[in-house]
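Beneath this line is the structure, given in structure tokens, with notes to follow.
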Amino acid sequence: MPRLFGTDGVRGLANRDLTAQLALDLGDAAVRVLGRGADRSAGRRRALIGRDTRVSGDFLASALAAGMSSGGFDVIDVGIIPTPGIAYLTSVLNVEMGAVISASHNPMPDNGIKFFARGGFKLQDSKEDDIEAVLGQDWERPVGEGVGRVSHDTVTATNMYIDHLVEAVAPVAPDKTQTKPLDGLRIVADCANGATSVVAPEALRRAGADVVVINASPDGYNINKHAGSTHPEQLQAMVRASDAVMGVAFDGDADRCLAVDEEGHMVNGDQIMGILARAKQREGKLANDTLVVTVMSNLGLKLALKQMGIVTVQTAVGDRYVLEEMLRGGYTLGGEQSGHVINREFATTGDGTLTALTLAKEVVRSGKSLKELAADFPQLPQQLINVSGVDKNAARTNAKVQDAVEAEERMLGSTGRVLLRPSGTEPLVRVMVEAATQEQADQVCQRLASVVADELAI
């Protein structure tokens, strides 16, 4: 039986794969596992629930809260809030766990559930396995006064999170005043009709920016639809049309951020990480002069950082694996090419709005344009093809596929690289190639994608 938890929680088609019953069972199992050993002397055990703007989030939140409260936890439903908002609140409030109902950048019909442990960190694989092991099992549930309550508080939670974001770039002075480090900076914010539709514009404005907002009118059905970090075309056009200094694009749950320079050109997660790593190094805040990246990060980023005296440490794909390495090595910055950036000075997980704020602050501090800053981190030509309808679990074991990969790697030598990766959330294999020229990257990637499609077809 395949593992229920993927690289970012449990995800699937809402009301088909991810049902109300499964959400209830997950809530029930999570409180059993994450409530073990909890100190009850401080009062009742509590959990937070937040969600993005998908219409299915309503019934899934109700079911998840029912499972948690039936297990004896008091549940605070904070409504629509970015995933990193739940992570932050879980880290500063006296709660045992947080849960987010979101499928991130996936299309609206999908949804997902992921958990944060006390302290605001995503669960380790072993904890997810423990939850899965007791899923749907009967046990002696509490009765009477042992049953939990469910309450709702959207305003307080959202305001606490926005305050935290603004203070990251504009600390409160002893006299309670705050500077406006982005004063006059015109920024276009594409909120993907998602969870940061209120948070990001407000945080940027409070930091002083002149914000042009697009795709911030969620209706339950339009999340990520031709909008946000997966569809940046509208943002690129608006940056040019509004004479903005830069643009930022979020995904549905706002744990990632991509940027657009003043000419409408994309600035990806690798370039953003490079800019922020250099800034932290200058400030003496880049622990061990190290940036943690994943196998998907472009070779160009690593070569540029090496010239700056910054080391890169590589992990598997997934911001949780980046965070595990950061905690293990005591590192302060890491992330993914997709725009997940973990800034441990202020966060326990990827935070798109925080990334937008800190990137904009660096643009102001440097006196350079975003285009100029990004140019210091040139990207090798890259091609990525998602091959669907295949047995993704055989990608690393099929002999003909592996022979094809090795042959292309020999041909590329030190001027490029090949990566085959089964998706952790979708039934497909990602084929990625970097090479000296775009034509070469395209050709190699197409050849390998054809081999994967032929050899691993279901």
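Below, each value reflects all heavy atoms present in this structure, side chains not excepted, and no hydrogens, waters or symmetry copies.
Of the residues listed (Thr358, Leu359, Asp376), the one engaging Ile275 in a side chain to side chain contact (heavy atoms under 4.5 Å, CB included) is Leu359, and it is the only one. Of the candidates Gln337, His340, Glu336, Thr294 forms a side chain to side chain contact (heavy atoms under 4.5 Å, CB included) with just one, namely Glu336.
The shortest distance between side-chain heavy atoms of Lys361 and Val364 does not fall below 4.5 Å. At a threshold of 4.5 Å between non-hydrogen side-chain atoms, the residues Val387 and Lys392 do not count as touching. Taking 4.5 Å as the limit, every side-chain heavy atom of Cys191 sits out of range of all side-chain heavy atoms of Asn215. Between Val311 and Asn288, the closest side-chain pair of non-hydrogen atoms is not below 4.5 Å. In this structure, the side chains of Gln382 and Asn298 come closer than 4.5 Å at one or more pairs of heavy atoms. Using a 4.5 Å heavy-atom threshold, the side chains of Phe5 and Asp129 count as separate. For the pair Asp8/Lys122, a side-chain contact is recorded, criterion being any heavy-atom separation below 4.5 Å from C-beta on. No side-chain heavy atom of Thr312 sits under 4.5 Å from any side-chain heavy atom of Gln314.
The CD1 atom of Ile342 sits 5.0 Å away from the CG atom of Asp319 when rounded to the nearest 0.5 Å. Taking CZ of Arg240 as the reference point, atom CD of Glu263 lies at 9.5 Å (rounded to 0.5 Å). Here the straight-line distance linking atom CD1 of Ile385 with atom CG of Leu428 works out to 12.5 Å at 0.5 Å rounding. Atom CG of Asn268 sits about 12.0 Å away from atom OG of Ser229, to the nearest 0.5 Å. For the atom pair Leu384 CG and Glu434 CD, the distance stands at 10.5 Å (nearest 0.5 Å). Separation of atoms CG (Leu48) and CD1 (Ile76) is listed at 5.5 Å; rounding is to 0.5 Å.
The shortest non-hydrogen separation linking Ala87 to Phe116 is CB-CE2, 3.7 Å. The shortest non-hydrogen separation linking Ile81 to Gly50 is CG2-CA, 4.0 Å. The two residues Ala157 and Leu89 come nearest to each other via the heavy atoms CB-CD1, 3.7 Å. Closest of all the heavy-atom pairs between Val239 and Asp261 is CG1-O, 3.4 Å. In terms of heavy atoms, Met246 sits closest to Leu185 at SD-CD2, 4.5 Å. Here the closest non-hydrogen pair linking Ala435 and Leu380 is O-CB, 4.1 Å.
Dense packing is recorded around CD of Glu372, with more than 12 heavy atoms of other residues, nucleotides or ligands lying under 6.0 Å away. Heavy-atom contacts from other residues, nucleotides or ligands closer than 6.0 Å to CD of Glu439 number 12 or fewer. No more than 12 heavy-atom neighbours from other residues, nucleotides or ligands sit within 6.0 angstrom of NZ on Lys225.
Counting only distance, with no hydrogens or angles, the side chain of His226 and the backbone of Glu233 share no donor-acceptor pair below 3.5 Å. Listed for the Arg54 side chain is no donor-acceptor partner under 3.5 Å among the backbone atoms of Asn111. In terms of modelled atom types and a separation under 3.5 Å, the side chain of Asp110 and the main chain of Ala103 share no donor-acceptor contact. In this structure a side-chain-to-backbone donor-acceptor pair under 3.5 Å is missing from Asp351 to Asn343. When atom types are taken as modelled, the side chain of Lys368 and the backbone of Val363 share no donor-acceptor pair closer than 3.5 angstrom. Within the 3.5 Å criterion, the main-chain N or O of Gly252 finds a donor-acceptor partner in the side chain of Asn224. Using modelled atom types, no side-chain atom of Glu167 and backbone atom of Ile162 make a donor-acceptor pair closer than 3.5 Å. For Gln236 (side chain) and Gly264 (main-chain N/O), a donor-acceptor pair under 3.5 Å exists by modelled atom type. Counting only distance, with no hydrogens or angles, the side chain of Thr158 and the backbone of Val155 share no donor-acceptor pair below 3.5 Å. A donor-acceptor pair is defined here as one N or O able to donate and one able to accept, closer than 3.5 Å; no such pair exists between the side chain of Glu96 and the backbone of Ala117.
Salt bridge Arg206/Asp163: present, at least one basic N to carboxylate O contact under 4.0 Å. Lys400 and Asp454 are not joined by a salt bridge, as no carboxylate oxygen comes within less than 4.0 angstrom of a charged side-chain nitrogen. For Arg3 and Glu128, the salt-bridge test passes: some basic side-chain N is under 4.0 Å from an acidic carboxylate O. For Glu325 and Arg328, the salt-bridge test passes: some basic side-chain N is under 4.0 Å from an acidic carboxylate O.
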Can you list the steps and then say if Phe115 with Leu64 is a side-chain contact (heavy atoms from CB on, under 4.5 Å)?
-> CA-CA 11 Å; Phe115 297 102; Leu64 186 64; 4.3 Å; yes
I would like to know whether Val341 and Cys257 meet side-chain contact (heavy atoms from CB on, under 4.5 Å); could you show each step before the answer?
-> CA-CA 8 Å; Val341 178; Cys257 170; over 6 Å; no
Would you check, one step at a time, whether the test side-chain contact (heavy atoms from CB on, under 4.5 Å) holds for Arg256 with Phe250?
-> CA-CA 6 Å; Arg256 69 174 70 182; Phe250 308 101; over 6 Å; no
Could you give me the CA-CA distance, side-chain angles and deciding distance for Arg365 and Glu362, then say whether salt bridge (Lys or Arg N to Asp or Glu O under 4.0 Å) is met?
-> CA-CA 5 Å; Arg365 188 218 61 82; Glu362 179 60 14; 3.1 Å; yes
Applying salt bridge (Lys or Arg N to Asp or Glu O under 4.0 Å), run through Arg11 and Asp17 and close with a yes or a no.
-> CA-CA 8 Å; Arg11 194 175 292 185; Asp17 305 314; over 6 Å; no
Dump the intermediate steps for side-chain contact (heavy atoms from CB on, under 4.5 Å) on Tyr161 and Val78, then the final yes or no.
-> CA-CA 11 Å; Tyr161 177 49; Val78 302; over 6 Å; no
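Between the side chains of Ser91 and Thr348, no donor N or O sits under 3.5 Å from an acceptor N or O.
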